[in-house]
Amino acid sequence: MQNTLKKPTLALAIAGSMFMAACNQSAPKSNTMTDSTTTATVKLPAAARFERTIDGKKTELFILKNKNGAEAAITNYGAHLISLLVPNKAGEITDVVLGFDDIEGFQKAAGAYYGATIGRYGNRLAKGKFTLDGKEYTLFTNNGPNTLHGGKKGFDSMVWDAKQTDSATVELSYLSKDMEEGFPGNLKVKVIYTLTDDNALKVSYEATTDKTTVVNLTNHAYFNLNGQGTGSVLEHSVKIDADAYTPVDSTLIPTGKIEPVKGTPFDFTAAATIGSRIEQDNIQLKDGKGYDHNYVLNKHDISTPVATVVGDKSGIKMEVFTEEPGMQFYTGNFMNGTNTLKGGAKDEHRTAFAMETQHYPDSPNQPAFPSTVLKPGAVYKTVTIYKFSK
């Protein structure tokens with residue numbers, strides 16, 4: 001099903017079941033298994049390197065573990081997913097998420113969004129404007145003429161309140177105040193990361209407002225299923241269950257049309273490698289410098305994968321499940337090697353991809369697109385799952 005706005009009573013009951021006694025998190029231990037694609041010991045970042053005070057609030061690192069030995073590292077700075085350790089086809093542990101070894105890396109790379117929780121509005125809003133209930137709102141334009149991923153200081157740069165409710169779950173919350181980055185309403189947001197015993201990372205989002213507003217939350221994890229630092233993702237195999245996509249103009253704002261993918265380089269209804277058509281002579285690929293487009297997902301529910309990706313070297317398969325109607329497929333087109341990632345790796349061109357589940361870009365300015373309006377008394381609630389197997 002798609003993202004729904006539900007009455008608070010049910011939502012609070014669901015949220016209530018997630019609240020358990022908080023536990024303190026000690027420094028993570030290194031996983032002693034090795035990644036055959038990098039021949040180096042895979043390590044989680046040191047907890048101490050994420051213990052800072054930013055904007056008067058303390059930042060921390062939280063480690064999630066399941067019964068299979070998979071692990072995830074998350075910080076309450078920007079609610080970033082930093083590492084995700086899963087086994088490859090040889091049973092050896094691989095970190096499939098790009099990130100940094102410390103808080104400073106994320107601060108210096110602000111705007112790169114590695115693993116961040118994105119809000120208040122994920123993706124682009126044309127010319128930094130939208131109209132709601134007859135009133136025009138003006139936002140900071142941080143992506144050419146447009147607003148991207150919440151503006152100058154989005155949710156990715158905020159310190160969230162956090163508590164680890166058990167060994168596999170961390171719950172993060174944030175209050176986005178009325179007119180923060182130009183958006184109306186005091187928006188209470190909660191994001192819950194859960195690492196399940198079938199090696200899936202479940203991301204649950206919830207939000208309420210006291211004034212009519214727009215909301216489009218997502219996670220901007222950069223994945224390389226061969227492991228961070230192993231080179232290009234162009235040989236990864238991708239399948240997306242979408243018969244249509246939303247083409248964009250030269251500034252990457254949707255034109256308003258929904259067009260079929262059949263007969264175009266955007267057709268991943270049958271599995272194909274990322275690089276097989278990315279250099280074709282196509283104006284959409286040229287404007288996006290590769291794939292950076294919203295896919296209109298076929299009818300689905302949370303039990304049906306909307307996308308499947310397989311690492312060519314590792315054999316790791318990632319399936320994406322979501323309640324959202326769209327997904328931005330991005331192929332690291334603007335990565336240029338300027339950032340030093342965990343373990344000294346560089347974020348070279350197209351060494352990762354993102355699959356950002358979402359409502360469509362620029363929906364507040366596109367009446368034909370699914371609505372992102374949230375009203376007082378309603379609850380924004382949606383779930384996305386990234387499941388890994390070999």
Side-chain angles (χ1 to χ4, degrees), residues 34-42 81-90 92-101 105 109 111-116 219-240 245 252 261 264-268 270-282 284-295 307-320 327-356 386 388-390:
T34 58
D35 178 347
S36 62
T37 61
T38 61
T39 64
T41 301
V42 176
L81 171 64
I82 295 169
S83 292
L84 184 55
L85 308 185
V86 295
N88 65 16
K89 62 186 177 183
E92 298 170 335
I93 294 297
T94 302
D95 190 349
V96 296
V97 168
L98 276 65
F100 298 93
D101 283 319
Y113 307 110
Y114 286 100
N219 182 274
H220 206 301
Y222 282 72
F223 295 102
N224 185 323
L225 300 185
N226 292 332
Q228 178 182 270
T230 58
S232 165
V233 294
L234 293 179
E235 294 304 313
H236 280 45
S237 171
V238 172
K239 184 178 185 295
I240 302 174
Y245 78 113
L252 303 185
V261 298
T264 77
F266 294 87
D267 188 355
F268 286 94
T273 62
I274 291 174
S276 58
R277 295 167 300 204
I278 200 169
E279 300 296 344
Q280 282 190 12
D281 186 12
N282 177 284
Q284 288 293 309
L285 290 175
K286 287 182 178 180
D287 286 344
K289 301 187 186 303
Y291 297 105
D292 192 4
H293 295 74
N294 172 66
Y295 278 76
T308 302
V309 188
V310 180
D312 55 299
K313 299 174 185 177
S314 68
I316 294 173
K317 178 171 74 173
M318 181 180 84
E319 295 174 291
V320 182
M327 184 185 76
Q328 190 84 1
F329 179 42
Y330 172 60
T331 49
N333 313 314
F334 297 99
M335 300 171 72
N336 59 14
T338 58
N339 294 307
T340 301
L341 304 170
K342 292 171 295 186
K346 290 286 188 177
D347 59 346
E348 301 291 350
H349 188 55
R350 292 178 181 160
T351 55
F353 68 92
M355 287 185 163
E356 305 155 64
Y386 300 95
F388 300 86
S389 58
K390 50 183 178 173

Taking side chain as C-beta onward, heavy atoms only, is F223 less than 4.5 Å from V309?
-> no

At what distance, to the nearest 0.5 angstrom, does CZ of F353 lie from OG1 of T331?
-> 10.5 Å

Nearest non-hydrogen partners of G229 and A345, listed with the distance | CA-CB, 3.9 Å

With T264, which residues qualify under side chain to side chain contact (heavy atoms under 4.5 Å, CB included), at least two apart?
-> V261, F266

What distance do N294 atom CG and Y245 atom OH have between them, rounded to the nearest 0.5 Å?
-> 11.0 Å

side-chain hydrogen bond (donor to acceptor under 3.5 Å, both in side chains) partners of D267, counting only residues at least two apart | T269

Taking the six-membered ring for Trp, is the centroid-to-centroid distance between F268 and Y291 below 6.0 Å?
-> yes

Answer yes or no: is there a side-chain heavy-atom contact under 4.5 Å between M318 and V96?
-> no

Kindly state each residue pair satisfying salt bridge (Lys or Arg N to Asp or Glu O under 4.0 Å) with at least one member in residues 336-349, sequence neighbours excluded.
-> D95-K342

Kindly say whether M355 contributes a backbone atom to a donor-acceptor pair with the side chain of Y386 at under 3.5 angstrom?
-> yes

When rounded to the nearest 0.5 angstrom, what distance separates NZ in K289 from CZ in R350?
-> 10.0 Å

Of all heavy-atom pairs between L98 and A352, which one has the smallest distance, and what is that distance?
-> CD2-CB, 3.7 Å

Measuring from T94:OG1 to L84:CG, what's the distance to the nearest 0.5 Å?
-> 10.5 Å

Could you list the residues that satisfy salt bridge (Lys or Arg N to Asp or Glu O under 4.0 Å) with K286, not counting sequence neighbours?
-> D281

Any donor-acceptor pair under 3.5 Å from N224 side chain to G231 backbone | yes

Closest approach of P265 to Q280 (non-hydrogen atoms, all atoms of both residues) | CG-OE1, 3.2 Å

Would you say the ring centroid of Y222 lies under 6.0 angstrom from that of H220?
-> yes

Tell me, please, which residues at least two apart from S389 pass side chain to side chain contact (heavy atoms under 4.5 Å, CB included).
-> K317

What are the two closest non-hydrogen atoms of R277 and A272, and how far apart are they?
-> NH2-CB, 3.8 Å

Could you tell me whether a side-chain N or O of H236 sits under 3.5 Å from a main-chain N or O of L225, the two making a donor and an acceptor?
-> yes

Value rounded to 0.5 Å, distance of NE2 in H349 from CZ in F334 | 9.5 Å

Begin with the C-alpha distance, continue with both residues' side-chain angles, and end with the deciding distance and a verdict on side chain to side chain contact (heavy atoms under 4.5 Å, CB included) for V97 and S83.
-> CA-CA 5 Å; V97 168; S83 292; 5.7 Å; no

Quick one: CD on Q328 to CG on L252, what's the gap to the nearest 0.5 Å?
-> 8.5 Å

Please report the shortest heavy-atom distance between I316 and N88, naming the atom on each side.
-> CG1-CA, 3.6 Å

Sorted by chain and number, sequence neighbours left out, salt bridge (Lys or Arg N to Asp or Glu O under 4.0 Å) with E235 holds for none

